Engineer: 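One structure is given below, represented as structure tokens, and several questions about it will come after.
Remember, predicted model here, so these are calculated numbers, not experimental data.
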Amino acid sequence: MRHFLTSQSGQTLIEVLVALTAGVVIIAAIVSASLNALTNSNFARDQNIAAQYTQSGIEIIRDMRNESIASLSASYLSDNTYCLAKSCSALDNQIPSCWIKSGNCGQNVDKFVREVVVAHDSSDCNASPTPNGQQGFLSSNVKVTVTTFWYDSRCTDSSNAFCHSVTLSSCFSDFTIAPTP
């Protein structure tokens with residue numbers, strides 16, 4: 001009987017603890033990788049949405065130019081930063097959420113903040129403007145920069161809550177359609 005008791009093998013408490021520790025480490029690694037993938041997926045989604053809102057902002061300005069070139073003139077649209085809410089179809093001085101930024105634009109496009117910066121005579125825009133003196137035309141080129149900001153759990157700086165952004169710039173000038181023969 002004595003031989004029978006000494007020949008039995010079993011797991012010791014230390015072996016069980018090592019196995020449990022290894023299992024916990026493996027499960028923690030899987031959970032961490034899954035959470036990281038989810039965070040990256042959410043960031044990519046937000047970045048894609050922000051890019052769409054930014055492109056939409058550029059298209060709104062392009063539509064303004066196409067409808068009336070005077071809407072981009074320095075006398076109407078001065079060099080400034082403008083808010084461009086989701087409901088805006090143009091930069092309109094009659095609608096505060098679609099006009100010059102005073103303070104903070106706030107989350108004006110769902111959870112995003114969309115701003116437009118207008119700069120006349122920008123050195124980045126080197127196309128030849130229409131000569132001065134012609135009525136109804138731009139006397140200079142206009143650089144428009146649309147930026148859409150957003151935040152997520154990665155934004156930890158309290159002074160810069162909206163730490164992520166997508167920016168697009170475009171140069172606008174008047175255009176003359178010349179008929180082709």
Engineer: Treating S78 as the side-chain partner and N80 as the backbone partner, does any N or O pair qualify as donor plus acceptor under 3.5 Å?
Structural biologist: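 No: the side chain of S78 does not pair with the backbone of N80.
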
Engineer: Would you please name every residue forming a side-chain hydrogen bond (donor to acceptor under 3.5 Å, both in side chains) with T167, sequence neighbours left out?
Structural biologist: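 Scan of T167 (side-chain hydrogen bond (donor to acceptor under 3.5 Å, both in side chains), adjacent residues dropped) gives T147.
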
Engineer: Do the side chain of S41 and the main chain of A37 share a donor and acceptor less than 3.5 angstrom apart?
Structural biologist: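 Pair absent, no side-chain N/O of S41 close to backbone of A37.
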
Engineer: So if you build clusters from Ile, Leu, Val, Met, Phe, Trp, Tyr with side-chain heavy-atom gaps below 4.5 Å, do I100 and L77 land together?
Structural biologist: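 Same cluster: I100 reaches L77 through Ile, Leu, Val, Met, Phe, Trp or Tyr contacts under 4.5 Å.
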
Engineer: Should R114 and V146 count as side-chain neighbours, where that means a heavy-atom distance under 4.5 Å?
Structural biologist: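 Yes, at least one pair of side-chain atoms sits under 4.5 Å.
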
Engineer: Say you draw a straight line from CG of L84 to OG of S89; how long is it, rounded to the nearest 0.5 Å?
Structural biologist: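 It comes to 9.0 Å.
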
Engineer: Run the disulfide bond (SG atoms under 2.5 Å apart) test on C98 and C83 for me, step by step, so that the C-alpha distance in whole Å, both residues' side-chain angles and the decisive distance to 0.1 Å come before the verdict.
Structural biologist: CA-CA 5 Å; C98 306; C83 295; over 6 Å; no

Engineer: Which heavy-atom pair separates S87 from S97 by the least distance, and what is that distance?
Structural biologist: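 Reported closest heavy-atom pair: OG-OG, 4.5 Å.
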
Engineer: When rounded to the nearest 0.5 angstrom, what is the spacing between CG in L168 and CD in E59?
Structural biologist: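 So the gap between those two atoms works out to 10.0 Å.
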
Engineer: Could you tell me whether the side chains of R45 and N42 share a donor-acceptor contact shorter than 3.5 Å?
Structural biologist: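 Their side chains do contain a donor-acceptor pair, which is all the 3.5 Å distance test asks for.
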
Engineer: To the nearest 0.5 Å, what is the distance between CD1 on I58 and OG1 on T145?
Structural biologist: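 Atom-to-atom, I58:CD1 and T145:OG1 are 7.0 Å apart.
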
Engineer: Measure the spacing between OG of S169 and NZ of K143 and express it to the nearest 0.5 Å.
Structural biologist: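 Answer for the OG-NZ pair, S169 versus K143, is 4.5 Å.
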
Engineer: Pairs in or reaching into residues 14-37: which pass ring pair (Phe, Tyr, Trp, His ring centres under 6.0 Å), with residues at least two apart or in two chains?
Structural biologist: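 The answer is none; no pair qualifies.
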
Engineer: Check this for me: L17, atom CG, are more than 12 non-hydrogen atoms of other residues, nucleotides or ligands nearer than 6.0 Å?
Structural biologist: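 Atom CG in L17 is crowded, with more than 12 foreign heavy atoms closer than 6.0 Å.
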
Engineer: Is the backbone of M64 close enough, under 3.5 Å, to the side chain of S71 for a donor and an acceptor to pair up by distance?
Structural biologist: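 Confirmed, S71 side chain pairs with M64 backbone.
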
Engineer: With side chain to side chain contact (heavy atoms under 4.5 Å, CB included) as the test, would you mind laying out the steps for E115 and V117 before giving the verdict?
Structural biologist: CA-CA 7 Å; E115 295 178 354; V117 176; 5.6 Å; no

Engineer: For L35, is there any backbone N or O sitting under 3.5 Å from a side-chain donor or acceptor partner on T39?
Structural biologist: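 Confirmed, T39 side chain pairs with L35 backbone.
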
Engineer: Does a side-chain heavy-atom distance below 4.5 Å link Y53 with D110?
Structural biologist: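 They are in contact (side-chain heavy atoms under 4.5 Å apart), so the answer is yes.
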
Engineer: Looking at D152 and R154, what are the two nearest heavy atoms and their distance?
Structural biologist: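 Of all heavy-atom pairs spanning D152 and R154, the closest is OD1-N, 2.9 Å.
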
Engineer: Checking Q107 now: which residues fulfil side-chain contact (heavy atoms from CB on, under 4.5 Å) with it, not counting sequence neighbours?
Structural biologist: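 Checked Q107 against side-chain contact (heavy atoms from CB on, under 4.5 Å); matches are K111, V113, Y151, F162.
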
Engineer: Starting at OG of S73, measure out to NE2 of H120 and round the result to the nearest 0.5 Å.
Structural biologist: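 Answer for the OG-NE2 pair, S73 versus H120, is 6.5 Å.
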
Engineer: Between the main-chain N or O of C155 and the side-chain N or O of H164, is there a donor-acceptor pair closer than 3.5 Å?
Structural biologist: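 Side chain of H164 to backbone of C155: no pair is present.
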
Engineer: Hey, what do you get for CG (L72) to CD1 (I61), rounding to the nearest 0.5 Å?
Structural biologist: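 If I round to the nearest 0.5 Å, the distance is 7.0 Å.
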
Engineer: With a 4.5 Å cut-off on side-chain heavy atoms, are V109 and T148 touching?
Structural biologist: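 Answer no - side chains too far apart.
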
Engineer: Is a donor on one side and an acceptor on the other found under 3.5 Å between the side chain of E15 and the backbone of T12?
Structural biologist: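 Yes; at least one donor-acceptor contact below 3.5 Å.
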
Engineer: Just so I know, are the side chains of Y82 and W99 near enough to count as touching, which here means a heavy-atom distance under 4.5 Å?
Structural biologist: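 Yes - at least one pair of side-chain heavy atoms lies under 4.5 Å apart.
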
Engineer: Report yes if the side chains of V166 and W150 come closer than 4.5 Å at any heavy-atom pair, otherwise no.
Structural biologist: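 Of all side-chain heavy-atom pairs linking W150 with V166, at least one is under 4.5 Å.
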
Engineer: Evaluate the criterion side chain to side chain contact (heavy atoms under 4.5 Å, CB included) for residue pair Y76 and N93; output intermediate values, then yes/no.
Structural biologist: CA-CA 9 Å; Y76 179 76; N93 61 5; 3.8 Å; yes

